[in-house]
Amino acid sequence: MTKEKTTFLSLLKRLPHMRNFGLIMAFIALLIVAAIITPAMYSWNSIINMLQNNAVFGLLSMGVMFVILTGGIDLSIASTLGLSGVITTSLMSENMNVPAIVWVLLGIGVGIFCGAFNGFLVGYLKMVPMIATLGTMYIFRGFAFLASGGDWWFPHQFSDGYVNMAIGRFLGIPNIIWFFVIILILSAIFLGYTAYGRRIYAVGTNKESARIAGIKQERIILLAFTLCGALSGLAGMLFTANYAICNHAIGTGFEMTAIAICILGGVSITGGRGKVDGVVIAFLMMSVITYFISLLPGLSVWQSAIQGGIIIIAVLINVFTIRSSEKRVLKERGALI
């Protein structure tokens with residue numbers, strides 16, 4: 001047997017134990033089923049529309065991933081989205097000539113404020129993340145209602161520049177998708193190649209060890225929540241620009257989908273484990289599920305149930321893959337000893 005063939009066979013044996021193998025297999029199976037039942041969804045326009053309509057979930061999942069990696073959770077991301085959307089839309093409708101980039105920065109700024117407030121509660125006041133962000137979820141949504149006065153904004157009240165920040169195209173691809181691509185690249189670089197990224201993993205893996213190592217946990221938790229808030233704020237501005245509609249209730253329930261994408265993508269709910277690539281695969285999988293079901297009117301009423309079932313199956317496959325990999329590593333270590 002040649003050396004090349006031996007290497008190939010060795011790679012095949014290790015393939016089932018690779019990170020995200022189960023998720024990738026589930027995704028491929030889903031793509032095959034969708035291609036057989038609804039081949040029209042694989043046209044270029046359909047794929048672009050699918051990504052454009054789900055890009056907000058991608059931004060939210062990237063944001064909440066930072067918090068989950070520290071061992072926390074943020075239930076207020078959808079309310080932050082709503083508050084950011086209301087503030088940017090209301091001000092834009094009264095100042096139509098202001099450059100659109102100002103509203104992007106304002107949306108991010110609103111998100112940073114909300115995220116930093118959450119980070120202060122959890123990091124410095126030592127509140128339980130779920131309780132703290134459950135409270136701010138209602139607070140931010142209440143502020144969104146107050147800022148809106150109960151009003152709605154419709155397409156004729158949106159400036160062209162504002163709307164084009166989401167639906168304008170560069171190289172034939174909507175800007176909202178480019179925003180998501182840039183964010184995921186920056187997130188991967190931040191987590192994989194910076195000291196602060198490694199500290200986020202360290203805090204989530206073992207807080208006591210991180211403290212002994214001299215890592216200031218409060219600052220890292222504050223940073224994670226602030227990044228999460230910034231992306232949620234950006235998502236709020238882009239959501240309203242994408243659909244040219246806004247009221248205080250936009251994004252209600254989006255937090256569960258974003259958290260589900262993270263868990264599906266292999267981000268450990270206890271912290272310390274997870275990568276951007278897994279979240280991206282999970283985001284694509286959820287996008288395909290949503291779009292696939294929308295093309296089948298008879299299944300649309302079962303959308304939530306089907307999504308939940310697929311998530312459970314995919315997570316079980318991922319858990320089995322991770323455990324098999326851990327057993328293999330332990331076995332190899334035992335053989336060496």
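Heavy-atom basis, side chains included; hydrogens, waters and symmetry copies ignored.
- No side-chain donor-acceptor contact under 3.5 Å links Arg199 to the backbone of Ala210.
- A continuous path of Ile, Leu, Val, Met, Phe, Trp and Tyr side chains, each step under 4.5 Å between heavy atoms, connects Met285 with Tyr42, placing both in one hydrophobic cluster.
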Test log, rule side chain to side chain contact (heavy atoms under 4.5 Å, CB included), inputs Ser79 and Thr136:
CA-CA 8 Å; Ser79 296; Thr136 56; over 6 Å; no

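- Shown here is Met96, whose CE atom has more than 12 heavy atoms of other residues, nucleotides or ligands within 6.0 Å.
- With rounding to the nearest 0.5 Å, the separation of CG in Leu234 from CE in Met62 is 13.0 Å.
- Around atom CZ of Phe117, no more than 12 heavy atoms belonging to other residues, nucleotides or ligands sit under 6.0 Å away.
- For the residue pair Tyr162/Thr88, the side-chain donor-acceptor check at 3.5 Å is satisfied.
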Take Leu171 and Trp178 through the test side chain to side chain contact (heavy atoms under 4.5 Å, CB included) and record every step on the way to the result.
CA-CA 10 Å; Leu171 299 179; Trp178 286 114; 4.2 Å; yes

May I have the step-by-step check of side chain to side chain contact (heavy atoms under 4.5 Å, CB included) for Asn242 and Asn53, ending in yes or no?
CA-CA 8 Å; Asn242 191 46; Asn53 290 330; 4.1 Å; yes

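- Note: the hydrophobic cluster containing Ile177 does not contain Ile182 (ILVMFWY, side chain heavy atoms under 4.5 Å, direct or indirect links).
- Residues Thr70 and Val122 fail the side-chain proximity criterion, which asks for heavy atoms closer than 4.5 Å.
- Counting heavy atoms from C-beta outward, Glu255 and Leu60 have side chains that stay 4.5 Å or more apart.
- A distance of 7.0 Å separates CZ in Phe292 from CG in Leu30, rounded to the nearest 0.5 Å.
- Counting only heavy atoms from C-beta outward, the side chains of Ile185 and Val276 never approach each other to under 4.5 Å.
- Counting only heavy atoms from C-beta outward, the side chains of Cys246 and Phe239 never approach each other to under 4.5 Å.
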Side chain to side chain contact (heavy atoms under 4.5 Å, CB included) evaluation trace for Ile48 with Arg169:
CA-CA 11 Å; Ile48 291 298; Arg169 298 193 173 221; 4.0 Å; yes

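- In the displayed structure, Tyr138 atom OH is contacted under 6.0 Å by at most 12 heavy atoms of other residues, nucleotides or ligands.
- Ring geometry, Phe66 versus Phe190: the interplanar angle exceeds 60°, so the pair is classed perpendicular (tilted spans 30 to 60°).
- Between Met256 and Leu75 the shortest side-chain heavy-atom distance falls below 4.5 Å.
- Residues in residues 195-237 take part in no ring pair (Phe, Tyr, Trp, His ring centres under 6.0 Å) pair, two or more places apart or across chains.
- The CG atom of Leu69 sits 10.0 Å away from the CD1 atom of Ile269 when rounded to the nearest 0.5 Å.
- Contact check for Ile245 versus Trp153: no side-chain heavy atoms found under the 4.5 Å cut-off.
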Does Ser46 form a side chain to side chain donor-acceptor pair (under 3.5 Å) with Ser43? I'd like the steps, not just the answer.
CA-CA 5 Å; Ser46 294; Ser43 68; 2.8 Å; yes

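- Between Gln52 and Ile173 there is no side-chain heavy-atom pair separated by less than 4.5 Å.
- Proximity of a side-chain donor or acceptor of Ser287 to a complementary backbone N or O of Phe283 within less than 3.5 Å is detected.
- Judged purely by atom type and a 3.5 angstrom limit, Thr240 uses its side chain to pair as donor or acceptor with the backbone of Met237.
- Rounded to the nearest 0.5 angstrom, Met130 CE and Met137 CE are separated by 10.5 Å.
- Heavy atoms from other residues, nucleotides or ligands lying under 6.0 Å from CZ of Phe143 number 12 at most.
- Using a 4.5 Å cut-off on side-chain heavy atoms (C-beta onward), Ile261 and Val279 make contact.
- Rounding to the nearest 0.5 Å places CD1 of Ile68 at 6.0 Å from CD1 of Ile263.
- Interatomic distance, Met92 CE to Leu106 CG, rounded to the nearest 0.5 Å: 11.5 Å.
- Partner of Asn118 under the side chain to side chain contact (heavy atoms under 4.5 Å, CB included) criterion, out of Thr226, Thr133, Leu222: Thr133 alone.
- Side-chain N or O atoms of Lys207 include none that pairs as donor or acceptor with a backbone N or O of Gly204 at under 3.5 Å.
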